[in-house]
Asks: 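This structure is in structure tokens; I'll ask about it shortly.
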Protein chains: 2
Amino acid sequence: MASIDDVARAAGVSTATVSRALRNLPNVQPATRVRVLSVAAELGYVPSPHAATLASGRTRTVGVLTPGIARWFFGEVVDGAEHALRGLGFDVLLYALGSPRTDGPRPPVDPNVLRRRVDGTLVVGLPLEAAEVSSLVGLGVPLAFVGSGPSGQVTHRIDDVAAGALATRHLLGLGHRAVGHVTGARDPLSVWSPAAGRREGWRRALAEAGVDGPPTWVVDDAEFDLAGGRAAAHRLLAARPELTAVFAASDELAMGVVLAARDRGLRVPDDLSVVGVDGHPHGELVGLTTVSQDAFSQGHDAAVGLLGMVVGERAPESVTYPTRLVVRESTSAPRADRGPRR
Amino acid sequence: MASIDDVARAAGVSTATVSRALRNLPNVQPATRVRVLSVAAELGYVPSPHAATLASGRTRTVGVLTPGIARWFFGEVVDGAEHALRGLGFDVLLYALGSPRTDGPRPPVDPNVLRRRVDGTLVVGLPLEAAEVSSLVGLGVPLAFVGSGPSGQVTHRIDDVAAGALATRHLLGLGHRAVGHVTGARDPLSVWSPAAGRREGWRRALAEAGVDGPPTWVVDDAEFDLAGGRAAAHRLLAARPELTAVFAASDELAMGVVLAARDRGLRVPDDLSVVGVDGHPHGELVGLTTVSQDAFSQGHDAAVGLLGMVVGERAPESVTYPTRLVVRESTSAPRADRGPRR
DNA sequence: CTGAAAGCGCTTACAG
DNA sequence: CTGAAAGCGCTTACAG
């Protein structure tokens, strides 16, 4: 494999000049640059990224930490980040922590796997403990969060409290009063996790409407997928048959709620209204009403912002993305005999 | 940041000994090893992977090439591969080629992005041109394919012809004769792409049953997602109202077909039976009959096999994974007035 | 605008 | 079992 020495020799210049010419640095005479470029092409020279990293300290690589990519939101975000990063000449090192196939709590994030390996770190939808955040900060490279993030860190996300309130107010506006909630909490449910925010939005909207939703209207230990939502909804609906509506913390959970309702012989929306969050394209399969967000853009923009920090720009502001209530067929007024008492 | 020199000095040994002790190589006295280990821990020493790569030529990194991770099959495979690789101490460099957000043909794979960067390459569901395959082979590192792959290369996949035939025979067995097909062909539809195999299976099953399905029973330019399947099915059903069943090349396409049927006022399965391939968990939302496969395992096993090649084992055999017909509610016998004429 | 040379932080024959 | 030293392939002050 041709090395920079081969190119230098063939072009009759020093390796320093080859290095400058190839990286488009100033201080190379146009004619020299052209010669170097053509010799390099001729020899099929491809610089060794590892040698460049060792010499410069820069890796041109970003670490993407995520619980997994099989969930819709994570997949979209990682996809968006990957395209932004690739487009700007950066590699992406994927760390899918917390296997969807293993049970038990996720082991703490070990920052050493990233040490000396990345120029920046993007944390996607992984609610981290404070200690984990500081260990990541301790890496000394820029850090950005998508989907959730502690205050003081650059974060790209929607307003989860507002999203939860928007979904719940929609149900209240239709006349529902007994509105349950299905959510997940396998990761530490820190104050800045999406689940915590959406739950808080639900609680506030109920309180505003004068509804005193008891804690038993919530099931909060669901896996964040279809099967998890289904199982959780079964427990919730069995325990609280008075519920006429359920707000689920994600569309995947919400679709599971719809399946559980069907399992139990309940019609959606006649017997049970269901709302989710995400705008998952499959929501349409069950006419799911949802609060939608643009996950791809969050990943894309976060990656671009992170690279800005890598090249020395000051940290950008955190960004809050818009959400939109998409009303489909999974929500309606409660049946007359199940509506609010007067 | 502590370097190997710091550790050597503090432990009173040479860097060679530190290197050996830390990597568990032989020829280190137990007492020395213990001392080195404890000094390294004390100093918080983390070896530089780039220096190690430069010195050894090994990267402990695998490149994963895929069209994107948002599609169910790719997401599962990449997830499976990531966990196997991570578990064996390898990093994964993700290359999501062919953005789902851009149109037009995907640019050819440039092997140079991988040169000197990976110890092995895993190609996930990316039908490559012969020239692209040879350029990847030319990298000189082990290569494996998941989901599709040219003969002569190590491939982990299902038997797509058999899968297509299985789905189609199920429909024929129910009494259908006019069985359409929805598939995609944005990538070069080489002979070893999944789409080509499934289509061939469909064709053969029809031929076996003595049905001479005209080319107009196929729409083959769908995007491989819900919206793509829906749009394709609209065109197919408008042009060929005599169809009583559709075999779609993936569950995501099939779910789109179900939506299109609903759009057109057709009941599934009474007016139209629909079968897909994958075993997507969301298929249950519409009671989708499908030919299921285990994508996570394909990714996992392919990664393990690839690492075997990396450490010098001879190339494993290609593996064909089982599929299973899962009958749900989207298929039934055709209505009497639409069944086969006698 | 260009080059000689040091240095990035490891691994690996080789010698002992 | 251990160490001295070369070498992996670049980048980057520094000097000219």
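Order of the sequence lines sets the chain letters (A, B, ...), proteins ahead of strands, with each chain counted from 1.
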Asks: Could you state the atom-to-atom distance from CZ of A/R9 to P of D/dG9 in whole Å?
Replies: 12 Å
Asks: Return the nearest nucleotide to the side chain of B/I4; candidates are D/dG9, C/dA5, C/dC10.
Replies: C/dC10
Asks: Give one of base, sugar-phosphate or nothing for A/A52, where a contact means two heavy atoms less than 4.0 Å apart.
Replies: sugar-phosphate
Asks: Taking the side chain of A/S3 as heavy atoms from C-beta outward, which of D/dG9, D/dC1, C/dT2 is closest to it?
Replies: D/dG9
Asks: Ignoring the backbone of B/L54, work out which of D/dG3, C/dG9, D/dC1 is nearest its side chain.
Replies: C/dG9
Asks: Determine the sole option in A/D119, A/D91, A/V310 for which the side-chain contact (heavy atoms from CB on, under 4.5 Å) test with A/T59 is passed.
Replies: A/D119
Asks: Expressed in angstrom and rounded to an integer, what is the separation of B/H50 atom NE2 from C/dC10 atom C1'?
Replies: 12 Å
Asks: Separation of A/R33 atom CZ from C/dT2 atom P, in whole Å?
Replies: 9 Å
Asks: So, for B/L126 and B/T66, which heavy atoms are closest and what is the spacing to 0.1 Å?
Replies: CD1-C, 4.3 Å
Asks: So, A/T32 side chain and A/V28 main chain: donor-acceptor pair closer than 3.5 Å or not?
Replies: no
Asks: Rounding to a whole Å, what distance do you find between B/L25:CG and C/dA13:P?
Replies: 11 Å
Asks: List the atom of B/L122, the atom of B/A302, and the distance in Å for their closest heavy-atom pair.
Replies: CD1-CB, 3.9 Å
Asks: What is the pairing partner of C/dA4, taking Watson-Crick or G-U wobble pairs with both distances under 3.5 Å in any strand?
Replies: none
Asks: Assuming nearest nucleotide by heavy-atom distance, tell me which of A/R20 and A/A2 is located more 5' along DNA chain D.
Replies: A/A2
Asks: Can you measure A/L22 atom CG to D/dT11 atom C1' for me and round it to whole angstrom units?
Replies: 13 Å
Asks: Does the side chain of B/R116 get closer than 4.0 angstrom to OP1 or OP2 of D/dC10 through an N or O atom?
Replies: yes
Asks: Just the rounded figure in Å: distance from P of C/dT11 to CG of B/N27.
Replies: 16 Å
Asks: Across all strands, who's sitting opposite D/dA13 as a Watson-Crick or G-U wobble pair, both distances under 3.5 Å?
Replies: none
Asks: Taking only the side-chain heavy atoms of A/R58 (C-beta and beyond), determine which of C/dT12, D/dT12, D/dG9 contains the nearest atom.
Replies: D/dT12
Asks: Any side-chain N or O of A/S14 below 4.0 angstrom from OP1/OP2 of C/dA4?
Replies: no
Asks: Check every atom of C/dT11, D/dT12, D/dC10 against the side chain of A/S56 and return the nucleotide holding the closest atom.
Replies: D/dT12
Asks: With respect to the side chain of A/A55, which nucleotide from D/dG7, C/dC8, C/dT2 is positioned closest?
Replies: C/dC8
Asks: Let's see if you can work this out: which of C/dG9, D/dG9, D/dT12 has an atom nearest to the side-chain heavy atoms of A/R23?
Replies: D/dT12
Asks: Return the value, rounded to whole Å, for the distance between atom CZ of A/R60 and atom P of D/dT11.
Replies: 11 Å
Asks: Side chain of B/V13, heavy atoms from C-beta onward: which of C/dT2, D/dG3, C/dT11 has the nearest atom to it?
Replies: D/dG3
Asks: Taking all non-hydrogen atoms of both residues into account, name the closest pair between B/F73 and B/A295 and its distance.
Replies: CD1-CB, 3.6 Å
Asks: Taking the side chain of B/S19 as heavy atoms from C-beta outward, which of C/dT11, C/dT2, D/dC10 is closest to it?
Replies: C/dT11
Asks: I want to verify a distance call: between D/dC10, C/dT2, D/dA5, whose nearest atom is closest to the A/T32 side chain?
Replies: C/dT2
Asks: Give the rounded distance in Å between these two atoms: CG of B/D5 and P of C/dG9.
Replies: 8 Å
Asks: Taking the side chain from B/R20 and the backbone from B/L25, do they hold a donor-acceptor pair closer than 3.5 Å?
Replies: no
